[in-house]
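Contents: one structure, followed by commentary.
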There are 4 protein chains.
Amino acid sequence: MSTAELDHLVTSAVTLGSATMKALVYHGPGKFAWENKQRPAIQNTGDAIVRVTTSTICGTDLHILKGDLPAVADGRILGHEGIGIVEQIGAGVSEFHVGDKVIISCVTACLKCDFCKRSMYSHCRHGGWILGYTLDGTQAEYVRIPQADGSLYHFPAGADEEAMVMLSDILPTGFECGVLNGRVKPGDTVAIVGAGPVGLAVLLTAQFYSPAAIFMIDLDDNRLAVARKFGATNLINSSNGHAARQVMELTDGAGVDVAIEVVGLPATFEICQSIVAAGGRIANVGVHGKPVELHMEKLWDRNISLTTRLVDTVTTPMLLKVVRSGKLQPSKLVTHRFAMDDILKAYDTFGNAAKEGALKVVLTNKAPH
Amino acid sequence: MSTAELDHLVTSAVTLGSATMKALVYHGPGKFAWENKQRPAIQNTGDAIVRVTTSTICGTDLHILKGDLPAVADGRILGHEGIGIVEQIGAGVSEFHVGDKVIISCVTACLKCDFCKRSMYSHCRHGGWILGYTLDGTQAEYVRIPQADGSLYHFPAGADEEAMVMLSDILPTGFECGVLNGRVKPGDTVAIVGAGPVGLAVLLTAQFYSPAAIFMIDLDDNRLAVARKFGATNLINSSNGHAARQVMELTDGAGVDVAIEVVGLPATFEICQSIVAAGGRIANVGVHGKPVELHMEKLWDRNISLTTRLVDTVTTPMLLKVVRSGKLQPSKLVTHRFAMDDILKAYDTFGNAAKEGALKVVLTNKAPH
Amino acid sequence: MSTAELDHLVTSAVTLGSATMKALVYHGPGKFAWENKQRPAIQNTGDAIVRVTTSTICGTDLHILKGDLPAVADGRILGHEGIGIVEQIGAGVSEFHVGDKVIISCVTACLKCDFCKRSMYSHCRHGGWILGYTLDGTQAEYVRIPQADGSLYHFPAGADEEAMVMLSDILPTGFECGVLNGRVKPGDTVAIVGAGPVGLAVLLTAQFYSPAAIFMIDLDDNRLAVARKFGATNLINSSNGHAARQVMELTDGAGVDVAIEVVGLPATFEICQSIVAAGGRIANVGVHGKPVELHMEKLWDRNISLTTRLVDTVTTPMLLKVVRSGKLQPSKLVTHRFAMDDILKAYDTFGNAAKEGALKVVLTNKAPH
Amino acid sequence: MSTAELDHLVTSAVTLGSATMKALVYHGPGKFAWENKQRPAIQNTGDAIVRVTTSTICGTDLHILKGDLPAVADGRILGHEGIGIVEQIGAGVSEFHVGDKVIISCVTACLKCDFCKRSMYSHCRHGGWILGYTLDGTQAEYVRIPQADGSLYHFPAGADEEAMVMLSDILPTGFECGVLNGRVKPGDTVAIVGAGPVGLAVLLTAQFYSPAAIFMIDLDDNRLAVARKFGATNLINSSNGHAARQVMELTDGAGVDVAIEVVGLPATFEICQSIVAAGGRIANVGVHGKPVELHMEKLWDRNISLTTRLVDTVTTPMLLKVVRSGKLQPSKLVTHRFAMDDILKAYDTFGNAAKEGALKVVLTNKAPH
């Protein structure tokens, strides 16, 4: 580290705590603002304070703003994705040092509880998804990351921040909940229902396993056109209500080996049930707000499996290796870029994704003075 | 083989075809009779004709008699479980010889189709469950077994017919659909919903993997008492509607690692959903006639899996090894015994299982004259 | 089928049996000839007679010619790879018909024995590798395929014979023994020791799983150059004896996740032992003639696995799907083409592979008159 | 925490560090003594100081005393197994509190490094097996446990210390290296070569998976007699050099599904190679000092796997559940008991295991004044 960098860190350390910062703050359904907040400080030995350089917006953030997640309190800073620089660490942090550039995982993991020991970080007894949910998040200049050793990853030297911020959430989500749970194998026929950013992350990472065909199903032809570029072999616009029939025709009545639900609605879940082949897998990625009807009278003897999962982010090290090898270009998912100061515009764009042709919208903080 | 045996076989071969036999014949909902039928003959190179020595009745047979399975035609001989002696074989049968004592599998497997090659015999393109369903079955003196090399198993020398006939269906069904699909592991907490014969087969075979606790849930205290003797660690009578709550209390709110549904009703499926732990498995064994409500709004982030399966009987060789080693006594499941001639009485007993305290009812054919 | 085709088949059927054909016949170490032999005839109900259209030569054939495999009798027709047309079938063959175009597997599988039922066709009690070894093979105009339903695969409509004949042996061998046994995963670092045709088949099929790096190790720079074109990320010429050291340097001392041996010599096996990372896998593909020294004093606490395997060809259906999807172009492996009549020249070329730059040498039979 | 407890802790903290304790100290090959040492103190935030109540001696301790492990320095306190009470914790310890009764794992795990995240605690970059090896161990009154959250387990209320101390090392070692790596399945035939304490731990834990037969092979008839009591189905005294032949006869020439090496010598490894069935597994548990000859000329086409492993102790939570359920009585392994003060006698007994009929020798510290 250069002397200049050290100076900066010392200054930062002095100013942290008393200083303020800008952040996107939620104030109840429909209300949010880019406003001043106190900078976060170390609270526990496992904490790290990270200066956020890049963040992005998730569909879940829109749900929070609509008031769909009542657990989010007034005053909460949103955001669970980000890249940044470690500014301070607690005494128990061993894997990261001040000045390290890091990827912030959307899931916080203590690594010590029974769930973490089973690699189910999503259900960590001291963490899980808490950033921008029950704890202040990354759409800010600074963020406190608890259990930093389990919740941060080293940013690969020379990598692209825009690409790497896709590793905070959507790539592991698509890969773990969709591809791994769906056990995609070479030669498989895969259907992905939902071509939003996470559906496209499923599409990109499904190709790690060389399936023979990937059917992409969505209501939006623009998103389907993107899916084609990203490797989908067949596009199906489901607005006519015949998606399931089309899949069955394309598969000579057999159905697909893997059906991946990335929407979270009864209608899209219904498609998955209708198209899964005997011996096939339904992997659910979508966030559901209502029960679905499961046709056990048809499925009981079909030898299928159905899985659900909140992303564990345990595959982040694997995904980092694949990205570094050049076999995956996550920056393809980025369609729009904003300065963090313009985050309200960014939300506007992301909130009108169909009209704006938006997939992932990247937010960049200016370097500190 | 002795000369006497050879003589018998020659006589049998001469008389087969023209001769008649007794069989349990279905004549539409509620109608069936023990009557004369023509003895079956070899039709294809892969066929074997088996003289049935022991058979048994399955819950599915009761469903057929009620008319719940309209695919069963008037005139069909029922039964898909049995032990017998091979009387004749087609030219293509290589693994069995005339005179061999065999276990008849409830699932017929060609071994050659894509499903069979993937060990999914249940979906065999030339077989699957057909005996006593779309083809004449085993509740008779003789039965034609198509694809004999894939559908018969050698009866272990010195074994007990009563025990072995449990390998035709309920042991592989409980083991494959419940225990294997539920991935029961040492130390697991397992709940089995339904303590009928198949539920008890799940209970017996779950113990192959040394779970720490097995909760048995049923409406019938007598069956629960049997479950206790068979190794259940906790008994829950669900008639008060509080089974799920009791399980959650017994597990300190965590739920069970594996919930196995062996009834086939929305209410029992609901229990399984309510008690499965984060990271747990629901394995469905029951035959369902109606859709169920699946609480995806609660389950989407619980990292669970749900499986369905029609028994493949691919574990029959493994089960045979375990039975021969003495680690499993399937004859425990037998509560009543009848001569095959008394099959109508046997149905009466099995049809009033709760009152009669019946589990499996064994039927024995007299040796031929 | 056209009338002309039918006519041809009728003629074939008439002439088969009495007629002769040309074949490559082994007459003891170093002696072989392209000579007349009687055409094969159906012997068992499961047999098929296939008219060979395309074949190829395997390294194993060279070993046979040198006398390394004493089980090969004088008079044996060599060859275990091929594409052809079914000319006749036995009464028990159900999955193939006269006139079907087929891929001949190097492994014959009855599908009925205990090993076949466990998907270990290589150890089939009635088959395994027998073609061109203990039974007459495919370097001929006609070949008898026993257990045809388990030993043939349908040739995909419109596919390329030259590509498809790679599915007879080297693609499943590389894939099953190397890639599957090595459990290659996305992001893995893989080393392949031996860049001959089978090593290159490992290289091509390893990429189904998106490893981050593939090191190719060989003595021949030409073969390494081919490996580069086929996707190897690093080339290591081991002639200086420092291959292991180079690998350790390239991996910062960690070693590789998967080391795949495709030579069959103590020295190359030694490299694999030296470079496998803690927690890594050594997958042996090579045919060994001598014991190797295994450094258990270094490996006992390294959490490694070492696997051996004779190809089972159980993945042929999967490989067919991948090839049909265009994700794998096996014809890349073909460097030379000969008419079957020129098979002696073909052997000459293949026997001087380094000098000739030969990988796979394809042999084509003229269409019958 | 009560004021009284706090007082006690303050007192402990004051006295620890300055105070002395008794410990078994190594002073080079053949030299060791039960002598005074300074009590350990907290050095890092993750440390815990544990007052040892129960310990035991491992075969590895004997190897250290002989000088076989030169990495062990003069002055080192031996012992890597133990039960105790947490006396002090560092600021970063979250899963344990002062006063907790704990099982000390023989493997120290930081839980944060790449190996720990892959559940390979044995290769932890900050831990692994270090206790009583490169760090002072448990054959003392007090021990400092680094990375306490990853290296201690809660002692189950009401359990037996003598039984639980078997969970420090030999039960997870036998289970992970032998049973899990050997993939023991219901119905399998298993051979265990070596009936010492770890071999017997393999025997006990192999039964979690209901194998049909377990052959126990050893030179000592007394140990074989113990194996019989512990569930071995066949005993083979290998002193006549015919163990492999006997196994092959017992298996009708097929060999065993799983061969588990628990000795660490070329001769016993040779037996495993000779008896493994096609498709079988060799799981190595023994510590090897020399290379072995691996018969690749016989094994290359046998579809076997061979695994090595240093125990990771990741199955400790599972083993705790099984022990608590009563399905495993580890105290069976204990043959002798000594006060810790008599540790030299205990070593004498354990060092003459055959003569003394010794398996595990338990050491108990007096409660502190």
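Every chain is numbered from 1, with letters handed out A, B, ... down the list of sequences.
- Rounding to the nearest 0.5 angstrom, the gap separating the CG atom in C:L152 from the CD1 atom in C:I103 is 9.5 Å.
- Within residues 181-190 of chain C, the residues that have a heavy atom under 4.5 Å from a heavy atom of chain A are C:K185, C:P186, C:G187, listed by number.
- Residues satisfying the salt bridge (Lys or Arg N to Asp or Glu O under 4.0 Å) criterion with C:E261, sequence neighbours excluded, are absent altogether.
- The aromatic rings of A:Y209 and C:Y209 lie perpendicular to each other, with more than 60° between the two planes, well past the 30° mark.
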Run the side chain to side chain contact (heavy atoms under 4.5 Å, CB included) check on C:E176 and C:T205 step by step: do they pass? CA-CA 9 Å; C:E176 296 178 6; C:T205 56; over 6 Å; no

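- Partners of C:H154 according to the side chain to side chain contact (heavy atoms under 4.5 Å, CB included) rule, which considers only residues two or more places apart in sequence or in another chain, are C:F96, C:D100.
- Within the 4.5 Å cutoff, the side chain of C:V276 has no heavy atoms near those of the C:R302 side chain.
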Could you check A:E162 against A:I83 for side chain to side chain contact (heavy atoms under 4.5 Å, CB included), going step by step and ending with a plain yes or no? CA-CA 9 Å; A:E162 201 168 283; A:I83 304 294; over 6 Å; no

Pair C:E81, C:K360 - check side chain to side chain contact (heavy atoms under 4.5 Å, CB included), show working. CA-CA 12 Å; C:E81 299 164 281; C:K360 288 298 277 187; 3.1 Å; yes

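- In this structure, the side chain of C:S151 engages the main chain of C:A109 through a donor-acceptor pair within 3.5 Å.
- Residues of residues 309-334 of chain A placed with any heavy atom under 4.5 Å of a heavy atom in chain C are listed by number as A:M318, A:K321, A:V322, A:S325, A:K327.
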